[in-house]
Amino acid sequence: MTETITDTVNRFIFKTETFAIFKLDNIVALGDVAGVREGDRLTVTGSWQEHPKYGRQLRVEHWEKPVPSTEEAAADFLSSGLIKGVGPVLAERIVSVLGPNAVSAILEDPDVLKKVKGIGKKAPEIRRQLQETYQVQQVVAELIRLGLTLKTAMKAYMKFGRPAAEYVRRNPYCLTELDLIGFHRADDIARRAGLAPDSSFRVKAGILYVLNESLWDEGHAYLPRDELISRSLTLLNHVEKSVSLDIVEKELSRLKGVHGSAEVSLAWAREYEEEIARDVKRLARQRFDVPPLPRDLIRGIELTPDQNAAVKTALESGFSILTGGPGVGKTQTVRAVIRAFELQNPWGGVFLCAPTGRAARRLSEVTGRQAHTVHKLLGLRNGHADRNRKNPLECDLLILDEASMACLVLTKRLLEAVPNNARILFVGDADQLPSVGPGNILRDLLDKVPTVRLTEIFRQAAESQIVTNAHRINRGQMPLIDRSKTDFIFLEREDPEDIAKCVATCASGMGYDPLDVQVLSPMRKGPVGTAELNKLIQGGMSGPRVKYGQYVFHVGDKVIHTKNNYDKGVFNGDIGIIKKIKMQHDVLVQYSSGLVSYSGDDLRELEPAWAVTVHKAQGSEFKAVIIPVTTSHYVMLHRNLIYTAVTRAREKVILVGTKKALAIAVRNNKPIQRYTALSGLLRDAPRR
DNA sequence: TCGGTGGC
């Protein structure tokens, strides 16, 4: 399906700093192209995709500006109008003197144009313009010589432009600050360039790298000074002991872009936390008078006293939180909040949103009204939001569902776009996995604004072991397994391969519909990771199949869609079954929301889903869940992960592995203990 | 070691 095309860029249809949709002579292409201008001749390689609204498009995976290498091409290029001061006559003359490789000759040799009569003082300007056109390639080539990969080199060029190679040579660590390469690869480049291991560049970069890593990988908004210093020393001295404590302390004290001394954060992260705190206080200050509510807010359903209290709180407070585990009726309460609000404010604008596409769709399904991702609601793309402090949302009630998934960045963007007069309600389960991005927003806000906790469980039977054990796990206690019941089972297996086999057997042999039973593994890799488990389960399959990338898909296979696709109406995390495979490339998948067809490279959005990661399953529910629990997942063994996995099940949980691994997981609550300043900043927020 | 959303 991939194709390579050389054509001229006629027009940009859409353009951001790095991404563009553009028209070549006969086609529309889209991708990350930087340094490309209208009129450029481009060689693009990519794959075709069919866009329902805009038709056939080429998704660009690789591109370059070829230097013309025939007399005709060189003359065409020089006279194309791109190079000012060169018309057809002069172009002919240049090519007749310098030959088919005229362009590269001029680029390489500043004096070569002297050979052509009648150019005179135009020569340097012509060369400058040519260089500008081919600058991308030249800079990228130089960066590659310095040891960057093509991709990183492109990104570095996008960031720094012409002087990129110079910057990198002087301070290879500038690449780590932009998150283009890791500290260790920058270290390699620096070593080859002869930089001292205790140079200020290196030490500063090391400290910033530690802060950045802890922020993006572990979710910390700051690190205690001692921890930052000891982590920095470990990083900087991992090969040879060359950096002393004194040096690190000295560089830390003059480091720009960080905040605080006892608790050190990246300055922007601190600013975000402070801004969130200000916005929370701004919104929480608002109080609303609420007339008594009718008893039957939702036809035929009577709310519990707790749920009623939650409705009242949400309506009275400028900012409130509704939290609780699965099955406690959060959704029902949200429906009641909307209903009550609309009864009392018939002209009020109600906006519903969630951090992920699927959560938004589900919210929309259960409330029977529009819901958006936060990104869509704010028009948030490439770090720019259409809705912001200056142009706030026109809403009177804003509900954010699955708020535990909202990170520092998203929350800051959302809150600053909420007007003073609006009420905002966060809904979520604070015991689930923390957000992908930095921060611990929902947990930090609990009880800092009016908070209602729902605990009474409806969905599962009250005596369900799933429920009681989920609570135990939350408290750091081992689940209790009552062998007289069948809804919470532990199958003891020691060896990872045995665990994998046992999991695979259970997955296919329980008599459930494939969509009702789900294997959840903490990791993708490893003997009990999702990749291996999927292969194991797929091993027994026969019949029509299609290969795409690293995966094989069969008719009957369970698959997961991995990127929101609004045109197909299918979202990241949707799980379905392959019904049909035609012609080795057309695939038909049955989701609960309907049939979706994939052709060609659409398949890049599909993965096998007999086993998925616990993270991916967040926000989904199944009748039965099978969870491998082994010390080979050591780094991933923690309380919220097991809690999240177990609470995905409505009827049955099967744990397969060792009690030892389970005990480790239940005891470990470190991942959710993120260093954040937000709750401290809110200490004096109004609560009632 | 895991995970998010966008663009005509």
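Every chain is numbered from 1, with letters handed out A, B, ... down the list of sequences.
Checked for salt-bridge contact, A:Asp386 and A:Arg381 meet the test: a charged N lies under 4.0 Å from a carboxylate O. Contact check on A:Asp279 versus A:Arg389 returns a salt bridge, with a Lys/Arg side-chain nitrogen under 4.0 Å from an Asp/Glu carboxylate oxygen.
A close approach under 4.0 Å does not occur between any side-chain nitrogen or oxygen of A:Asn564 and OP1 or OP2 of B:dG4. Phosphate contact (OP1/OP2 of B:dG6, side-chain N/O of A:Thr373, threshold under 4.0 Å): present. Between A:Arg524 and the phosphate of B:dG3, there is a side-chain N or O to OP1/OP2 separation shorter than 4.0 Å.
When the nucleotides B:dT5, B:dG3, B:dC8 are ranked by their closest atom to the side chain of A:Phe14, B:dC8 comes out on top. Here the side chain of A:Arg381 is nearest to one of B:dG4, B:dC2, B:dG6, namely B:dG6. The side chain of A:Lys616 has B:dG4 as its nearest neighbour among B:dG4, B:dC8, B:dC2. Nearest to the side-chain atoms of A:Met523 among the listed nucleotides B:dG3, B:dT1, B:dT5 stands B:dT1. Set against B:dC8, B:dG6, B:dC2, the side chain of A:Lys376 has B:dG6 as its closest nucleotide.
With A:Tyr598 as the partner, the side-chain hydrogen bond (donor to acceptor under 3.5 Å, both in side chains) test is satisfied by one option alone out of A:His561, A:Glu605, A:Arg604, A:Lys568: A:His561.
Checked against a 6.0 Å centroid threshold, the rings of A:Phe571 and A:Tyr566 count as neighbours.
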